[in-house]
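Naming: A, B, ... by sequence-line order, numbering from 1 per chain.
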Amino acid sequence: MIIEEILTANIPGISKGTASYLCENAVACLHRQNHQSGVKMTCQGLNSQPEVIEWAILFTNQMNRSLNDQEVATEHGAVCISILYALHYTEYTIVQRSRKGTGFDYWLGKKDDILFQNSARMEVSGIFNGEKKVKERVTQKLKQVESSDKTGFPAFVSVVEFSQPGITFVKKCSV
Amino acid sequence: MNIVELHNKAMKLADEADFQIRIGNKKKAQKLYAKAYFFEKEASSGAVYEHVGEPSETVLLKSAAFLAFDAKLFEESEKMARIALSRKPSKEMEEELNTLLKSIHVERRLSVGRNSLKANEILIAVAGQGDNQEQALKDDLEDRIKIFNKMAVRAAEWGKNIAYRQSGRPSKEIQELFRHNLSIARETPQVVTMRLAQEGTESTSPECRAQVKMIVDDIATNLDLANQGKLSDLFERFKDRLYFENFLTLAKEFAPDGENVDSVIITYLKKGKKVPIRLTRQKRDYKEIIRDAQSYCGVVKKDHGSKANINTIKGTLSASNLSGK
């Protein structure tokens, strides 16, 4: 998985600048955990084959200063990794977004589908440092999306951890 | 433009607005959110009119409602949220929309609660899940009033260049400043105005007024920086490790708990204009912030947990520079 792929990932309504911002956040989290391009990421859920994460962009001092809120960086870094993973391992081909709170909801869809029709909602969560927190976070997120089942659309939960890079990507089937 | 193009345009504008927020340009961001709302509203109307079906219609309505809120178009936001709720959305979306309506309610209370805010006043409001339990929120607000008092005393000491007080009471001078001067006007159970200097007392001297104004401005600005996680900027303002750490500890106590209280809103007067600051970073998130803070003030935690001071000297190694190293 190459992080810069987010720039060409076909995300409707997302500017190049924002794609690049998501990309930089993912690199910031990995760099701050002393990982280098080529690090292995464990995968749980849809597949259990480890994934190699690669990137070419340099983590500069300027990036370090501008992405100084680690909580925000973790959230956006996790979004970047989750989108790439979803496009690689699910049947969905594009990512759509809608506004919520101070951020976005991410929806996985297919290229020629009507907006949000037959889409799956993707709940993303990032953990900067805490492999042990992953299970708890997945359970918590699954509870949050439980009610999506009733509307008939599927939902995915994606939890990304950066210290021992790993992604847990679980599908919550529709009723 | 078709529905998809309208929606994509709205999302792009929201991206640009988020970027402006990140670089501290809130005014420009608000304008961009308003533009984004316009496009999303059109997209949602189009979706409803063309019966594209669910969940598309409700998702677009909800998205428009949130964009209107970001643009501070509260009436529009409420209208869109109520239309979305009338369509019987999923439980999850229903919860999000109800939380949005509560936030709109609080914003409205704030804007009409106190039109004549003065430079020596700061408005504190709490909002959240406990909105239905007035007493619970009232208690949460009481706790924050106590914390605000502590912040005010520390800000006054810091402003007077008094060395950080590890224990004991504030000096007589500081006690005098706050003896008759700190008062509370309750606007509603969830909103209070803290007044740091009473009219008609000796505290209305120009010097005292200036000091009080500075305290209000300091606390509000520092809380905003802590909430945004801008620790280096915050430390730059304090330039004192002990005051800095104490402030972060108090900011943590002041922050929303994420259970009863979703957000704490403070409003103060800056250059004659009301400035509202919504604090959304939760108490539990401050753990990481306080840990990170140590790197800004030259303190490292050793394995056994003790702290050691590191003096940082900034400068140029002229000899090595000259030799090209």
Can you name the nearest heavy-atom pair linking [X] to [Y], along with the distance?
X	Y	value
B:Ala14	A:Phe104	CB-CZ, 3.9 Å
B:Ser232	A:Asn68	OG-ND2, 4.0 Å
A:Gln117	B:Glu54	NE2-O, 3.2 Å
A:Arg97	B:Asp15	NH2-OD2, 2.8 Å

Taking [atom1] in [X] as the centre, count heavy atoms belonging to other residues, nucleotides or ligands within less than 6.0 Å. Is the count above 12?
X	atom1	answer
A:Phe59	CZ	yes
B:Ile23	CD1	yes
A:Glu136	CD	no
B:Lys72	NZ	yes
B:Lys28	NZ	no
B:Phe38	CZ	no
B:Lys35	NZ	no

Quick one: do A:Arg121 and B:Glu96 satisfy salt bridge (charged side-chain N to carboxylate O under 4.0 Å, His left out)? Show the steps, please.
-> CA-CA 15 Å; A:Arg121 192 172 183 173; B:Glu96 286 173 44; 2.9 Å; yes

Under 4.5 Å, counting heavy-atom pairs only, tell me which of B:Gly53, B:Ala10, B:Ala43 racks up the most with chain A.
-> B:Gly53

Hey, which of B:Val4, B:Ile3, B:Leu67 has the most heavy atom pairs under 4.5 Å with chain A?
-> B:Leu67

Quick one: does NZ or CZ of A:Arg99 land under 6.0 Å from the six-membered ring centre of B:Tyr33, within 45 degrees of the ring axis?
-> no

Sidechain-backbone polar pair: A:Ser15 side chain, B:Lys12 backbone, donor-acceptor under 3.5 Å | no

Please state whether the side chain, the backbone, both or neither of B:Gln228 comes within less than 4.5 Å of a heavy atom of chain A.
-> backbone

Do B:Met93 and A:Asp105 come within less than 4.5 Å of each other through their side chains, counting heavy atoms only?
-> no

Are B:Arg281 and A:Asp69 close enough, and set up right, to give a side-chain contact (heavy atoms from CB on, under 4.5 Å), and what steps lead you there?
-> CA-CA 11 Å; B:Arg281 187 182 290 273; A:Asp69 188 333; 2.4 Å; yes

Qualifying residue for side chain to side chain contact (heavy atoms under 4.5 Å, CB included) with A:Leu115, from B:Val52, B:Leu6, B:Val59, B:Leu60 = B:Leu60

